[in-house]
> 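Have a look at this one before I ask anything.
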Amino acid sequence: MSKSVMSTACAAAILLVSSLGVHAQETTIRIGTGGKTGVYFPTGGAICRLVNRSTADHGITCTVESTGGSVYNLKAVRDGTLDFGIAQSDWQFHSYNGSSRFEEDGKDESLRAVFSVHPEPFTVVARADAGIKSFDDLKGKRVNIGNPGSGSRGTMDVLMAAKGWTLADFELATELKSSDQARAVCEGKIDAMVFTVGHPSGSIKEATTECETVLVEVAGAEVDALIADNPYYRTATIPGGMYNGNANETKTFGVGATLVTSSKVSDETVYALVKSVFDNMKRFKRLHPALGILKEEEMVKDGLSAPLHDGAARFFSEMNIN
Ligand code: GLU
């Protein structure tokens, strides 16, 4: 090749590279979410959509994985199988502190908080014909207590322990994953399901439109004590009129959904993800109805017990959000 042909080829290559915005480092990140009819899965999808709109600027491609839920995600972020995960605030606390479900694994000192998202009331849905008016009426019934690995199941176990219940207190305790439980309720295979989830959610919509169901109140002395003793629990209500056949609000307790990562994920990657979401907050809030109520000043602190990742902290301080 002559010198001039070669330099033309080089110049063309350089031009191509700069016009494509190609980066020294192309990174693919994976966010662990939950079942497809929950709110984690579409929330992860919304985050990735915003990240992927500006891949040309930062070189990051974002993908979402449907998983078993919070506890699975925290373990996967800990061992590096996932870069990010959505997790309930109670399980973020326990993973960081090595308590409860995470006692055997020990503290995850590499766990980092990124931001919080929507509130998640502990939600109990029962068949209207099952005679279940309050949480205590679940005794002796057929109940889906949730799949191992879900945050819902973990929180159900905590509540059962607070009440002194064991699995023997149910006629049947199933471990269906969140996306299968509404169908099981409506097919009459179980009387009730529990799901710690944002509202509105596809799963609760399914359970309240495919058959006659009621949302069940979760209150009383044990619930009050859980809220009083633990920073990550709060009272919660599911608004009336949100779901078919449930005109009145339902009292319960709840946690918050949070996005977590590991200190091993680079500052640049976390900064780019946070910037993609916060620079497009209006759009983010429109991507799922459960996200519509988010407030930036709450997202940077509520329900976050692990330290903020440095990349997130840098963005928040540059934007003066705290
Ligand atoms: N909070 C649930 C869990 O951790 C998941 C909720 C959802 O999928 O939106 O298992």
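Both ligands and their constituent atoms are indexed starting at 1 by order of listing. What you see is a predicted model, and the numbers here were worked out from it, not measured in a lab.
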> Between Y96 and W91, does the ring centre distance come in under 6.0 Å?
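No, ring centres 6.0 Å or more apart.
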
> Per the salt bridge (charged side-chain N to carboxylate O under 4.0 Å, His left out) rule, which among K141, R127, R142 passes with D191?
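Single salt bridge (charged side-chain N to carboxylate O under 4.0 Å, His left out) partner of D191 among K141, R127, R142: R142.
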
> Parallel, tilted or perpendicular: which one describes the rings of Y232 and F93, with boundaries at 30° and 60°?
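Tilted, since the angle between the ring planes falls between 30° and 60°.
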
> Indicate, with yes or no, if F315 and L50 share a hydrophobic cluster defined by side-chain heavy-atom contacts under 4.5 Å among Ile, Leu, Val, Met, Phe, Trp and Tyr.
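Cluster IDs for L50 and F315 match.
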
> Can you confirm if the NZ or CZ of K75 lies within 45° of the ring axis of F102 and under 6.0 Å from the centre of its six-membered ring?
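Geometry flag: set, cation within 6.0 Å and 45°.
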
> Could you tell me whether the side chain of T269 reaches within less than 4.5 Å of the side chain of S266, counting heavy atoms only?
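S266 reaches T269 side chain to side chain.
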
> Kindly tell me which protein residues have any non-hydrogen atom under 4.0 angstrom away from an atom of ligand 1, grouped by chain and ordered by number?
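The 4.0 Å shell around ligand 1 contains G38, V39, Y40, G69, S70, Q88, E120, S150, G151, S152, F195, T196, V197.
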
